[in-house]
Q: 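First the structure, then my questions, so here it is.
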Amino acid sequence: MLHNLKKAKVSHSFGTHGGPWIVADFLPYNQSFDATPYLEEIAFSTSSDIPNARFHIRLFEVNQNGEPGKDLTPAPLVAFAPKGVYKTITLDVSQYNLQVPSTGMFIAFEWLVIEENKHAFTYVEKETKKEVNAISFEPAINSRGFKSGKELTWTYRKGKWSDKGMNGKGVKGTIFQVTLSN
C-alpha cells in the first residue's frame with residue numbers, strides 16, 4: 001500500500017465554486033513494484049454537503065514534458081461521494097489490468113460542474129460581516145500533507161497542466177492511497 005491515508009492528517013481540501021478543473025497526484029515508478037506491478041485499488045477521502053455527488057477518477061500516463069498525458073483507461077472512472085466529512089472511498093480498478101508504467105503515472109480527481117452536484121449556501125464575510133450567497137459543486141477531495149514528502153499535486157485549469165498549485169507554489173502531499181497486486 002502506498003500513501004496510507006490513515007497515517008497522515010488532512011492538511012487541506014480541494015473544491016470548486018464554478019469552474020471545472022482536475023487535481024492529480026504523481027505516482028513515480030519504484031523497483032519494488034516489480035513484485036506487485038498491477039494497480040488494484042485507489043482510495044481517497046471526500047467531503048460533501050450533498051449525497052451522491054458525482055465525479056471522475058482519471059489515470060494518465062506521463063508525457064514527454066513530465067505532465068499528465070494520455071488517459072490509461074478507455075473512459076474516466078465514474079464515482080459518487082456520500083454526504084459527510086472525511087468519507088473514504090475505495091475504487092477497485094483491477095479489471096483494467098494496469099501496470100504502473102516505468103515512467104510513473106498520474107491519478108487524478110475531476111470535478112463535474114453539473115446541476116446535480118450544485119450546493120447553494122450562505123456564509124458571513126469576515127471583513128464586511130455581510131451575508132453572501134454562494135454555490136459550490138460537490139464534493140471536495142481531501143489531501144494529506146507530508147513534511148518529508150517529494151510528492152507534488154498537479155492541477156489542470158483552462159486547458160493547461162501546472163505543478164505550481166493554486167497560489168503559484170507547489171502543494172506537497174498526496175490525495176490517493178494506492179494498493180498494488182500481482
Side-chain angles (χ1 to χ4, degrees), residues 1-5 7-46 55-79 89-113 137 139-182:
M1 181 180 319
L2 306 168
H3 302 155
N4 188 335
L5 295 180
K7 291 191 177 193
K9 293 183 179 180
V10 171
S11 61
H12 56 280
S13 296
F14 296 103
T16 190
H17 292 277
W21 66 296
I22 301 171
V23 61
D25 272 356
F26 176 61
L27 177 62
Y29 181 81
N30 186 307
Q31 276 192 327
S32 66
F33 297 174
D34 290 347
T36 55
Y38 292 95
L39 197 57
E40 183 176 317
E41 291 180 338
I42 301 169
F44 47 95
S45 170
T46 62
F55 57 92
H56 288 162
I57 295 296
R58 299 188 55 191
L59 308 173
F60 296 106
E61 67 181 18
V62 179
N63 73 14
Q64 67 275 12
N65 298 323
E67 301 170 342
K70 181 180 167 194
D71 277 293
L72 292 169
T73 57
L77 309 173
V78 178
I89 297 170
T90 303
L91 297 179
D92 180 349
V93 294
S94 59
Q95 70 272 20
Y96 295 104
N97 292 318
L98 285 174
Q99 291 187 25
V100 178
S102 62
T103 55
M105 65 183 289
F106 287 92
I107 303 171
F109 184 97
E110 179 179 21
W111 281 266
L112 301 179
V113 179
F137 290 87
I141 188 162
N142 303 311
S143 180
R144 271 75 173 151
F146 292 106
K147 291 179 184 173
S148 63
K150 295 178 185 169
E151 295 82 5
L152 197 59
T153 302
W154 285 68
T155 58
Y156 182 81
R157 290 180 180 262
K158 299 180 182 176
K160 290 186 176 187
W161 283 104
S162 173
D163 63 354
K164 301 298 182 218
M166 314 252 247
N167 57 4
K169 298 176 184 173
V171 179
K172 288 191 178 186
T174 189
I175 297 169
F176 300 100
Q177 173 181 293
V178 177
T179 304
L180 300 173
S181 71
N182 56 5

Q: Which heavy atom of Trp161 sits nearest to which heavy atom of Ala24, and what is that distance?
A: CZ3-CB, 3.9 Å
Q: For the pair Asn63 (side chain) and Asn65 (backbone), establish whether a donor and an acceptor sit closer than 3.5 Å, ignoring hydrogens and angles.
A: yes
Q: Does this structure show an ion pair linking Glu110 with Arg58, if we count only N-O contacts that are shorter than 4.0 Å?
A: yes
Q: Would you say that more than 12 heavy atoms from the other residues, nucleotides or ligands in this model lie under 6.0 Å from the CD of Gln31, or not?
A: no
Q: Would Phe44 and Ile141 count as a side-chain contact (heavy atoms from CB on, under 4.5 Å) here? Give the steps.
A: CA-CA 8 Å; Phe44 47 95; Ile141 188 162; 4.0 Å; yes
Q: Does the side chain of Ile107 reach to within under 4.5 Å of the side chain of Met105, using non-hydrogen atoms?
A: yes
Q: Given 3.5 Å as the limit, does a donor-acceptor pair link the side chain of Thr16 with the main chain of Gly19, or not?
A: yes
Q: Applying side-chain contact (heavy atoms from CB on, under 4.5 Å) to Ile57 and Leu91, what does each step give before you reach the verdict?
A: CA-CA 9 Å; Ile57 295 296; Leu91 297 179; 3.6 Å; yes
Q: Which heavy atom of Phe55 sits nearest to which heavy atom of Pro139, and what is that distance?
A: CD2-CG, 3.8 Å
Q: Can you find a pair of side-chain heavy atoms, one from Leu180 and one from Phe33, that are under 4.5 Å apart?
A: yes
Q: Treating Asp71 as the side-chain partner and Thr73 as the backbone partner, does any N or O pair qualify as donor plus acceptor under 3.5 Å?
A: no
Q: Can you spot which of Phe26, Phe106, Phe14 makes a ring-ring contact (aromatic ring centres under 6.0 Å, His included) with Trp154?
A: Phe106
Q: Provide the closest heavy-atom pair for Ala43 versus Thr90 in the form atom of the first, atom of the second, distance.
A: CB-OG1, 3.7 Å
Q: Fit a plane to each ring of Trp111 and Trp21, take the angle between them on a 0 to 90° scale, and name the class: parallel (under 30°), tilted (30 to 60°) or perpendicular (over 60°).
A: parallel
Q: If I compare all heavy atoms of Val178 with all of Leu39, which pair ends up nearest, and what's the gap?
A: CG1-CD1, 3.3 Å
Q: Which heavy atom in Tyr29 sits nearest to a heavy atom in Ser102, and how many Å separate them?
A: CB-O, 3.4 Å
Q: Rounded at 0.5 Å granularity, tell me how far OG in Ser143 sits from CZ in Phe176.
A: 9.5 Å
Q: Answer yes or no: is there a side-chain heavy-atom contact under 4.5 Å between Glu61 and Thr103?
A: no
Q: For the pair Val93 and Glu41, evaluate side-chain contact (heavy atoms from CB on, under 4.5 Å) and give the outcome as yes or no after the intermediate values.
A: CA-CA 6 Å; Val93 294; Glu41 291 180 338; 5.8 Å; no
Q: Step by step, would you call Leu59 with Ile42 a side-chain contact (heavy atoms from CB on, under 4.5 Å)?
A: CA-CA 11 Å; Leu59 308 173; Ile42 301 169; 3.6 Å; yes
Q: Answer with yes or no whether the side chains of Asn182 and Thr36 bring together a donor and an acceptor at under 3.5 Å.
A: no
Q: Taking all non-hydrogen atoms of both residues, which atom of Glu40 and which atom of Asp92 are closest, and how far apart?
A: O-OD1, 3.4 Å
Q: Given side chains that start at C-beta, do those of Val100 and Tyr38 come closer than 4.5 Å, heavy atoms only?
A: no
